[in-house]
J.: 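First, the structure itself, so that you have it in front of you.
We're numbering straight along the sequence, starting at 1.
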Amino acid sequence: QVQLVESGGALVQPGGSLRLSCAASGFPLRYYAIGWFRQGPGKEREAVSCMDSITGSTNYGDSVKGRFTFSRDNEKNTVYLQMNSLKPEDTGVYYCAQGRDTSCHSGYVHWGQGTQVTVSS
């Protein structure tokens, strides 16, 4: 059974940092693209980042470029999203998702339950 479990969300002050984790089970994430998404209050879901499983290349949404970093630990079957210089507009529920295949452009088939990130003073 495929499962994705996010963790690491918290309340943090503007300018602060958080590291989100997404632990995968039921499939080897090294063979699939993994994406991070978020949905802020009253907003549509937004793509944050995605890592291609073959090349390891990573893309980022314009709003997080230079502040967020996606990494992967194949041994732990876990991916991470390091978020620095957090802003109030980064507030939302963050989700990870398993890609349909190795590419970030093939859509997503399984989603985690999400973890809440709140950036506020």
J.: Can you name the closest pair of heavy atoms from A33 and C104 and give their distance?
T.: CB-N, 3.8 Å

J.: Might you work through the side chain to side chain contact (heavy atoms under 4.5 Å, CB included) test for S53 and R30, ending with a clear yes or no?
T.: CA-CA 6 Å; S53 69; R30 71 179 69 192; 5.9 Å; no

J.: Would the Y108 and F37 ring centres measure less than 6.0 Å apart?
T.: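 Y108 vs F37: aromatic centres under 6.0 Å.
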
J.: Specify the closest pair of heavy atoms between D73 and E75, including all atoms of both residues, with the distance to one decimal.
T.: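 Scanning both residues, the minimum pair turns out to be OD1-N, 3.0 Å.
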
J.: Taking all non-hydrogen atoms of both residues, which atom of S17 and which atom of N84 are closest, and how far apart?
T.: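 So the two residues come closest at OG-OD1, 3.0 Å.
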
J.: Do R38 and Y94 have a side chain donor and acceptor closer than 3.5 Å?
T.: yes

J.: Quick check: closest heavy atoms across N59 and S49, and the distance to 0.1 Å?
T.: O-OG, 2.9 Å

J.: Would you check if the side chain of Q98 reaches a backbone N or O of L4 as a donor-acceptor pair within less than 3.5 Å?
T.: no

J.: Look at the side-chain heavy atoms of Ile, Leu, Val, Met, Phe, Trp and Tyr, link any pair under 4.5 Å apart, and say whether F68 and I34 land in one connected group.
T.: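 Looking at the clustering, I34 is in the same group as F68.
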
J.: Taking all atoms of both residues into account, what is the closest heavy-atom pair of D52 and R72, and its distance?
T.: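 So the minimum-distance heavy-atom pair works out to O-NH1, 3.9 Å.
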
J.: Would you say the side-chain atoms of S106 and D101 include a donor-acceptor pair closer than 3.5 Å?
T.: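 Yes, D101 and S106 have a side-chain donor paired with an acceptor closer than 3.5 Å.
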
J.: If two hydrophobic side chains count as joined below 4.5 Å and joins carry through other members, does Y31 share a cluster with I54?
T.: no

J.: Are M51 and M83 in one and the same hydrophobic cluster, where Ile, Leu, Val, Met, Phe, Trp and Tyr link if side-chain heavy atoms are under 4.5 Å apart?
T.: yes

J.: Any side-chain donor paired with an acceptor under 3.5 Å for T91 and E89?
T.: no

J.: Is the charged tip of R45 near the ring of W111: under 6.0 Å from the six-membered ring centre and within 45° of its axis?
T.: yes

J.: Over all heavy atoms of both residues, which pair between K43 and Q39 is shortest? Give the atoms and the distance, please.
T.: O-NE2, 3.1 Å

J.: Would you check if the side chain of Y60 reaches a backbone N or O of F70 as a donor-acceptor pair within less than 3.5 Å?
T.: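 Answer holds: yes.
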
